[in-house]
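What follows is a single structure, written as structure tokens, with notes after it.
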Amino acid sequence: MQIVYEDKKQKFETGATPIEIAKTLGVQLSGVIAAKIDSGPIDLTRKINEDTKIEFLTFDSKEGKEVFWHSSAHLMAAAVKRVYPNAQLTLGPAISEGFYYDFYDIKLGDNDLELLEKEMKAIVEADSKFVRKEVSKDEALALFKGNKFKAEILGEAESPITIYETGDFIDICRGPHVPSTRYLKAFKLLKVAGAYWRGDSKREVLTRIYGVSFPSKALLEEYTKFEGERSKHDHKKIGKELELFETSAWSPGSPFLLPNGAIIYNELLKLAREMDKKYGYQEIITPIIAKSEVWKTSGHYEKYRENMYKVAPFSVEDEEYALKPMNCPFSTVVFNAKTRSYRDLPLRLADYGFLHRYELEGALDGLFRTRMLEQNDAHIYITEDQVENEIIRMFEIMKEVYAIFKLTPLMTLATRPEQRIGSDDAWSRAENALRNALEKSGYKYTIKEGDGAFYGPKIDIYVLDFTGKPESAYAASTIQVDFNLATRFDVKYTGSDNREHTPIVLHQSVMGSLGRFMGIILSNSGGDLPVWLSPVQARIVTITERNNDYGKKLLSKFIERGLRVELDESNATLDYKIREGQLKKIPYIIVLGDKEEAANTIAVRSKDGKTKYGVELNEFSKDLQEKIKTRTL
RNA sequence: GCCUCUGUAGCUCAGUGGUAGAGCACUUCACUUGUAAUGAAGGGGUUGUGGGUUCAAUCCCCACCAGAGGCUCCA
């Protein structure tokens, strides 16, 4: 057998294990969790019987982590079995950050986790080996007699079945695993949650325990520290601290924007409207409630009814009305308000209507997932051959907006799903248009096969969150092609051939839900907003009461200039006032004392703690206005 | 909707089967301060809501409401 390891080529006896091979090659095994050969990762103790390349996996690699966490899931399951012998094992995979295991027939709460951790520690100290065995399907079934979940899994598997023994614990498992429990030095069980067997809400509810583990205590501490950092980016916490929004049981899922929050929200709206103007979108205003008939025509009533709020009967006519969950159909009324020609296209209609969607209570999340939302929504009526260029244009808008917020976009192209309307030809042309637009604009993108809407392909744009990890990116913008809407609402234009044609509709939303977008900005910035978005752009602080009149005089000057400035003339100490301003993340604190008053200047402290003395008010306010105008820090 | 946890003053949180406490915030007074917390006094709570158990419930039990996390990661 020939093994290739980096540039060393050596022959080994068939049946050598990675541990033996490592010794011969002189590979240091400390930190090595598993090996990887051509056919995939394997146990360090498993014999290799094929010609192959070999790689040694440590925790640093994605595959190494997977092995490590999967072994940790076994460790946890072993502990659960000891403490709760009746618990039935189901599945326990590694996930992107840690692992979980689902159990059937146990009840436990967060308080029980400590007990399990102790048990796990005992197993780790016992240094139990992970022993791999192959058995027949029948033998495996016998091992898990009475466990319908394992029986279901085995039903789909082929003999021989691999099992792993760790002390007295046995689980069906493809592996590989770390050689022994001693490797699993540092771990933490995080939470207990409910999950459905195979993610299906009609099936059994299982108890899922989440955990993370690391090869050293230091790494676990680092993880814990990062989790602390995470809470600084919790938009709900920031919203509370900066007095931006409140939630109320009066209307769950519909946050109330407080004055400070409303300022930020309106600044975002202002930006959206500026972009509309710049890029030739016309704003329309359409009803919030309408007869359900509308949604029967659009098809939403059939597909989306569970998420719709009905208002029925609304009037004496006993006709059912509904709150709109989407703006789309209403733009057709605007299009049809007069006879349209191809010269009117592309017709770009922006709609900021308030939408209501019934979201599951458990899915609600601050500004991120709400039941009332407002999108910077647009519907573009267009001919098929205009699609590509129009989308390139949309990317221009998006680039401009993202640059302001320093957001990094990730593009995904979603193609035709199983259930769809429109001809395959039309789909191909539309998908190509989207692909070309992406490529001509120089974007890298991933393709999600079959993930398009039933009415057309789409591009979803995600933006990175504060961690910068693609897997936790936010869905921010969307661009969708729609073959359905115009047909359903009988929308037509006259072509250059003097005949009637049905336009294609593009759905576009650059910022998505504005509330949600605000949440993203809050989280990513940790509450440190640029001047143009800050509810209070500067706060005047007087040192003594003697300076209050000077403070009032300057305040009115700032307000005349349209700046959001406030005055703190309380009789607290300067230190206290500075601290207050700093905690509220106000970009500038203007300090006024006797010296400033005598010289008719101001002292400006910026958020980074640096202070400039003897500044002229005009100079400062001009600088501020410039920053606001250009939307820079 | 389902699972786990949580709900005590505006906020952050203690606490107890015998109707409640701290810090911050707020009000008042004193201090008049030069770049991240001056001191003192005071006001503020049907312990989420509704039932039940009990001589007695904020605490125990049930239901409801709201909040947090989870319900895609496949032997």
Side-chain angles (χ1 to χ4, degrees), chain A residues 66 69-70 73-74 89-103 106-113 137 140 144 147 149-158 161-164 171-175 190-210 231 234 236-237 240-241 243 246-253 306 358-366 471 541-548 569-584 589-596 603-607 609-613:
Chain A
E66 242 175 71
W69 283 332
H70 193 187
H74 274 235
L89 302 173
T90 68
L91 290 178
I95 52 177
S96 57
E97 187 95 331
F99 58 89
Y100 68 76
Y101 206 111
D102 286 343
F103 303 94
I106 49 167
K107 272 253 178 302
L108 48 95
D110 290 349
N111 295 335
D112 304 308
L113 295 181
K137 201 186 252 195
F144 288 95
N147 184 328
F149 305 98
K150 290 294 185 191
E152 190 176 323
I153 293 163
L154 286 167
E156 298 157 11
E158 304 269 322
I161 304 293
T162 328
I163 60 167
Y164 275 83
D171 201 1
I172 311 165
C173 180
R174 191 181 285 145
L190 299 172
K191 61 210 160 199
V192 179
Y196 300 105
W197 173 238
R198 306 238 142 148
D200 183 345
S201 62
K202 290 188 186 68
R203 306 203 57 182
E204 291 82 356
V205 174
L206 308 173
T207 302
R208 174 170 299 180
I209 308 176
Y210 284 91
S231 77
D234 178 345
K236 283 169 276 189
K237 218 174 204 173
K240 193 98 209 153
E241 280 162 11
E243 295 174 40
E246 272 290 320
T247 50
S248 160
W250 285 357
S251 187
E306 284 177 9
Y358 176 74
E359 301 287 353
L360 292 179
E361 190 191 324
L364 298 175
D365 183 15
E471 57 267 28
V541 162
T542 53
I543 297 181
T544 77
E545 284 175 359
R546 285 192 301 281
N547 313 116
N548 283 353
E569 52 181 352
S570 65
N571 62 353
T573 60
L574 178 62
D575 277 2
Y576 182 83
K577 293 187 194 182
I578 298 269
R579 183 180 144 86
E580 284 298 290
Q582 199 83 18
L583 287 175
K584 293 290 179 200
I589 297 170
I590 297 166
V591 179
L592 302 182
D594 293 340
K595 287 178 198 164
E596 283 72 28
V604 180
R605 181 193 159 107
S606 48
K607 225 175 344 189
K610 290 185 183 137
T611 309
K612 277 195 213 164
Y613 295 91

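Reminder, nothing fancy here: chain letters follow the sequence lines and each chain counts from 1.
Contact annotation for A:Ile163: no contact, since no heavy-atom pair falls under 4.0 Å across all strands. Residue A:Val591 is classed as a base contact, given a heavy-atom separation below 4.0 Å to a base. Residue contacts for A:Ala94: at a heavy-atom cut-off of 4.0 Å it reaches the sugar-phosphate backbone alone, with no base atom in range. Counting non-hydrogen atoms under 4.0 angstrom, A:Asp171 reaches nothing in the nucleic acid. Nucleic acid contact class of A:Glu596 (heavy atoms, under 4.0 Å, all strands): base. Looking at heavy-atom distances under 4.0 Å, A:Asp575 makes contact with sugar-phosphate atoms alone, never a base. Residue-level contact check: A:Ala195 touches the backbone only, with heavy atoms under 4.0 Å from sugar-phosphate atoms and none from bases.
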Original post:
Does the side chain to side chain contact (heavy atoms under 4.5 Å, CB included) test come out yes or no for A:Val205 and A:Tyr196, once each step is laid out?
Top reply: CA-CA 5 Å; A:Val205 174; A:Tyr196 300 105; 3.7 Å; yes
Subject >> ring-ring contact (aromatic ring centres under 6.0 Å, His included) between A:Tyr101 and A:Phe103, worked out >> reply: CA-CA 7 Å; A:Tyr101 206 111; A:Phe103 303 94; 4.9 Å; yes
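A sub-4.0 Å separation between OP1 or OP2 of B:rG69 and a side-chain N or O of A:Lys236 is present. Phosphate proximity of B:rU38 to A:Thr573: present, with a side-chain N or O under 4.0 Å from OP1 or OP2.
Note on A:Glu241 versus A:Lys584: no salt bridge recorded, every NZ/NE/NH1/NH2 to OD/OE distance being 4.0 Å or above.
Both A:Ser96 and A:Tyr576 lie near RNA chain B, and the one whose nearest nucleotide falls closer to the 5' end is A:Tyr576. Nearest-nucleotide mapping onto RNA chain B: of A:Gly609 and A:Leu206, the residue sitting toward the 5' end is A:Leu206.
The nucleotide whose nearest atom lies closest to any side-chain atom of A:Ala249 is, among B:rA66, B:rU4, B:rU33, B:rA66. Looking at the side chain of A:Tyr210, the nearest of the listed nucleotides B:rC71, B:rG34, B:rG67 is B:rC71. The side chain of A:Arg208 approaches B:rC73 more closely than any other nucleotide in the set B:rU33, B:rC3, B:rC73. Of the candidate nucleotides B:rC74, B:rG34, B:rU33, B:rG34 has the atom lying nearest to any side-chain atom of A:Lys595.
A search for ring pair (Phe, Tyr, Trp, His ring centres under 6.0 Å) contacts involving A:Tyr576 returns nothing, not counting sequence neighbours.
Spacing between atom CD of A:Glu580 and atom P of B:rC11 amounts to 17 Å, rounded to whole angstrom units. Remark: C1' of B:rG1 and CG of A:Asp200 are 13 Å apart, rounded to the nearest angstrom. Taking atom CG of residue A:Leu583 and atom P of nucleotide B:rU35, one finds them 17 Å apart after rounding to whole Å.
Nearest heavy-atom pair across A:Thr542 and A:Lys577 is O-NZ, 2.8 Å.
In this entry B:rG39 has B:rC29 as its Watson-Crick or G-U wobble partner, both defining distances falling under 3.5 Å. With a 3.5 Å ceiling on both atom-pair distances, B:rG17 lacks any Watson-Crick or G-U wobble partner.
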